[in-house]
2 protein chains.
Amino acid sequence: MPLKVRKNRSQVLPPVCPLAECMKLLGGAWTPNVVWHLSGGARRFSELRVDIPGVSAKVLTERLRVLEAKGVLSRAVMPTSPPSVEYALTPLGAELVPVIEAIVKVGERLKRRAMHLEAAPELSPRRGAGGARAR
Amino acid sequence: MPLKVRKNRSQVLPPVCPLAECMKLLGGAWTPNVVWHLSGGARRFSELRVDIPGVSAKVLTERLRVLEAKGVLSRAVMPTSPPSVEYALTPLGAELVPVIEAIVKVGERLKRRAMHLEAAPELSPRRGAGGARAR
DNA sequence: CGGGATCCTTTTTGATACTG
DNA sequence: CAGTATCAAAAAGGATCCCG
């Protein structure tokens, strides 16, 4: 292996587009939580507010609107008194759930790791350059 | 099905924490792209700038620092002239890749769907009000 | 080459208060 | 209950210049 040719990645990896597209979807700080809490079934506005501690009505509304516009969830107004509105994932939204689950799984692992790092800060070996960690 | 009892979701679904934790990780608009473009192997700073069109040096630096601090990627300074720095996913960072791939996959699907909606705006049936099962 | 330091603009969030 | 309106605060992103 005489020379490690550094390939132009765009020949083997798709361009940035699909990622950017999808992150606009899950981009909002609360968006994944909304999807997550709808993954178990339909849920009403006020229930979501309780499910997701710390979210304001405004932000929640906003996220729900965006997600509805993207076809990720559906909004059903029940003509009752007092009014109630049910949100539920569409089939398309349901496809996001595995993604969320994967995220959660990794998130937990990272959390555990962070705890380890706290205990032993210099465990992670610096790659490369014979220990050339400037900085 | 006499009565659909609305359970307290936190008994069956984990609390918000892991999701929030992990989204701080993938939260930045560019972060997933960075991980994605490192998924094929180590990459230098300037290469990443080319890989990810539109990213500024500042933002890229910032994202890389954050990801390094979280243990997602490693930073190796090569003591050459001119200096070069290689970034690579850590084993932990590699675990994120399936997540990214899932995101990309869904992103593409959403894109296709968006195109369909453009063509036929009133295809999506509004739930509720007609089949509105009052509670 | 690989950034750090600044400054500035655009988005996102948050806190209240009010309404049908 | 399920929002809307409004304002203030904060974060993210971008542009530019400079340095080792």
Side-chain angles (χ1 to χ4, degrees), chain A residues 6 16 19-20 23-34 37-38 42-69 73-88 126-129 132-135, chain B residues 6 16 19-20 23-34 37-38 42-69 73-88 126-129 132-135:
Chain A
R6 198 171 286 275
V16 204
L19 244 184
M23 284 317 287
K24 270 173 200 163
L25 232 177
L26 299 174
W30 301 102
T31 309
N33 278 316
V34 173
H37 284 284
L38 287 178
R43 210 75 179 145
R44 284 172 39 203
F45 186 85
S46 55
E47 292 176 318
L48 285 174
R49 284 187 70 173
V50 177
D51 288 341
I52 308 172
V55 74
S56 69
K58 179 196 154 190
V59 172
L60 182 54
T61 300
E62 203 179 279
R63 289 299 116 199
L64 289 170
R65 292 277 177 279
V66 172
L67 289 176
E68 187 193 3
L73 55 80
S74 61
R75 179 175 182 269
V77 181
M78 315 313 228
T80 58
S81 173
S84 78
V85 179
E86 270 206 359
Y87 295 91
R126 295 294 265 217
R127 297 181 323 117
R133 39 215 150 134
R135 269 184 86 229
Chain B
R6 196 172 288 274
V16 204
L19 244 185
M23 284 319 286
K24 270 173 198 160
L25 234 177
L26 299 176
W30 301 101
T31 309
N33 278 317
V34 174
H37 284 283
L38 286 178
R43 211 73 179 147
R44 284 173 40 202
F45 186 84
S46 53
E47 290 176 320
L48 285 174
R49 285 187 70 173
V50 176
D51 288 341
I52 309 173
V55 73
S56 67
K58 177 198 156 190
V59 172
L60 182 54
T61 301
E62 203 179 280
R63 291 298 116 199
L64 289 170
R65 291 279 176 276
V66 172
L67 289 176
E68 186 193 4
L73 54 81
S74 62
R75 178 176 184 271
V77 181
M78 313 315 232
T80 58
S81 174
S84 78
V85 179
E86 269 206 359
Y87 294 92
R126 288 300 262 223
R127 293 189 325 124
R133 45 242 153 72
R135 312 175 339 114

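Quick note on labels: first sequence line is chain A, next is B, and so on, each numbered from 1. What you see is a predicted model, and the numbers here were worked out from it, not measured in a lab.
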Q) Taking the side chain as C-beta and beyond, is there a heavy-atom pair between B:Glu68 and B:Leu64 under 4.5 Å? A) no

Q: Mind checking the CG-CG spacing from B:Leu60 to B:Asp51? Nearest 0.5 Å is all I need.
A: 9.5 Å

Q.
Taking the side chain as everything from C-beta on, heavy atoms only, tell me whether A:Val34 gets closer than 4.5 Å to A:Leu73.
A. yes

Q | Donor-acceptor pair, side chain of B:Ser81 and main chain of B:Pro83, under 3.5 angstrom | A | no

Q) Is there a side-chain contact between B:His37 and B:Leu48 (heavy atoms, below 4.5 Å)? A) yes

Q: Treat primed atoms plus P, OP1 and OP2 as sugar-phosphate and everything else as base, then score nucleotides 1-14 of chain D 5' to 3': B for base contact with protein heavy atoms under 4.0 Å, S for sugar-phosphate contact only, - for none.
A: BSSS-BB-----BB

